[in-house]
Amino acid sequence: MIIEINKDIEKYQESVAMGLTAKQLIYSVLALGSGCLIVFLLYEKIGLTFSCYVAVPIVAPIALCGFYSYNGMGFVEVFTRYMRSIFRNKALVFKASGYREMREEIRAGKEAEKRAAVRKIKEERKQMRKERIKEKLKEMIRKPKRKTVDKERGRKR
């Protein structure tokens, strides 16, 4: 004797008729009955095709109530939550405490960094000038001025 059991017991559904659960069977009968009633009432006035077009938007939500489920919620609950999320949501507003102070601290920090960078550049330039002056002094000390004679004119320079 072999008895098949679903591996996930939470998803187990007991079928009542034709593999449908009781909820699915009731809503499918309601959907079929309402669809037939609408088509028979409107058939003589607007024709078969247009009466079917009128019946579909009425029958579809009834059928969805029995068959549709999302994360354990039925169609009605999912639909109401969706409509609430569209129309009842309040706008999110950013209210920061201490935002201005924080912005001023950041601005002051950036200005301090700029001042430090400028000071560093000035110090580097000062060092470079000092080094150049030292090098020139060393050159002047090592090379005494020589008197050169201009051969063409015979003068001393």
Side-chain angles (χ1 to χ4, degrees), residues 4-16 19-32 34-35 38 46 49-157:
E4 293 183 21
I5 299 174
N6 283 354
K7 292 180 180 180
D8 191 3
I9 295 174
E10 291 178 4
K11 291 185 180 180
Y12 175 72
Q13 295 178 349
E14 186 174 339
S15 62
V16 175
L20 299 174
T21 63
K23 179 182 176 184
Q24 291 172 344
L25 183 64
I26 291 169
Y27 278 104
S28 61
V29 168
L30 284 173
L32 186 62
S34 63
I38 292 168
I46 59 173
T49 305
F50 289 116
S51 62
C52 289
Y53 285 141
V54 171
V56 168
I58 297 169
V59 171
I62 297 171
L64 283 172
C65 287
F67 289 93
Y68 183 80
S69 76
Y70 178 74
N71 287 338
M73 298 182 291
F75 174 72
V76 175
E77 190 175 358
V78 171
F79 186 74
T80 54
R81 286 185 179 208
Y82 180 70
M83 287 299 133
R84 276 192 208 141
S85 71
I86 292 175
F87 296 111
R88 286 192 180 174
N89 274 349
K90 295 178 183 175
L92 297 176
V93 180
F94 175 71
K95 293 182 181 178
S97 59
Y99 176 70
R100 289 184 180 150
E101 292 83 9
M102 181 178 63
R103 192 174 61 187
E104 290 300 322
E105 288 176 14
I106 292 170
R107 186 177 294 148
K110 287 182 181 178
E111 288 176 5
E113 287 176 5
K114 285 181 184 177
R115 286 192 298 264
V118 168
R119 274 191 235 122
K120 185 177 178 183
I121 291 171
K122 286 182 180 179
E123 288 294 323
E124 288 175 357
R125 286 181 184 166
K126 205 175 197 182
Q127 286 291 82
M128 292 296 288
R129 284 184 199 133
K130 285 181 182 179
E131 288 176 12
R132 282 188 210 144
I133 291 171
K134 285 181 183 178
E135 287 176 11
K136 286 185 179 181
L137 285 174
K138 285 180 183 177
E139 286 178 16
M140 289 175 68
I141 291 171
R142 287 182 190 167
K143 294 182 183 177
K145 286 188 178 178
R146 295 186 209 172
K147 295 181 182 177
T148 57
V149 178
D150 199 359
K151 291 181 181 178
E152 290 178 12
R153 295 185 184 172
R155 294 190 238 169
K156 293 181 182 177
R157 273 194 178 176

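The shown structure was predicted, so the numbers you read here are calculated from the model rather than taken from an experiment. Note that these values count all heavy atoms, side chains included, but never hydrogens, waters or copies made by symmetry.
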Worksheet item: Are Arg81 and Glu77 ion-paired here, with the side-chain N under 4.0 Å from a carboxylate O?
Response: yes

Value for NZ (Lys110) from NZ (Lys114), rounded to nearest 0.5 Å, stands at 8.0 Å

- Arg88/Met83 under side chain to side chain contact (heavy atoms under 4.5 Å, CB included): CA gap, chis, key distance, verdict: CA-CA 8 Å; Arg88 286 192 180 174; Met83 287 299 133; over 6 Å; no

Value for CD (Glu139) from CG (Leu137), rounded to nearest 0.5 Å, stands at 9.5 Å

| said: Evaluate Ser69 against Phe75 for side chain to side chain contact (heavy atoms under 4.5 Å, CB included), listing each step before the verdict. | reply: CA-CA 6 Å; Ser69 76; Phe75 174 72; over 6 Å; no

Here the pair of heavy atoms bringing Ser51 nearest to Ile38 is O-CG2, 4.3 Å

Of all heavy-atom pairs linking Gly35 and Ala55, the shortest is O-CB, 4.2 Å

Would you say that more than 12 heavy atoms from the other residues, nucleotides or ligands in this model lie under 6.0 Å from the CZ of Phe79, or not? no

The reported gap from OG1 in Thr80 to CE in Met73 (rounded to nearest 0.5 angstrom) is 8.5 Å

Residue set satisfying side chain to side chain contact (heavy atoms under 4.5 Å, CB included) with Ala31, at least two apart, ordered chain then number -> Val59, Ile62, Ala63

Would Lys122 and Lys126 count as a side chain to side chain contact (heavy atoms under 4.5 Å, CB included) if you check the C-alpha gap in whole Å, the side-chain angles of each, and the deciding distance to 0.1 Å? CA-CA 6 Å; Lys122 286 182 180 179; Lys126 205 175 197 182; over 6 Å; no

One should read off an interatomic distance between Tyr68 OH and Tyr27 OH, to the nearest 0.5 angstrom, of 15.5 Å

Residues Val78 and Tyr70: closest non-hydrogen pair is CG2-CB, 4.0 Å

Self-check item: Minimum side-chain heavy-atom gap Arg107-Glu111 below 4.5 Å
Solution: yes

Between the CD atom in Glu135 and the NZ atom in Lys130, the distance rounded to the nearest 0.5 Å is 14.5 Å

One should read off an interatomic distance between Ile133 CD1 and Lys136 NZ, to the nearest 0.5 angstrom, of 8.0 Å

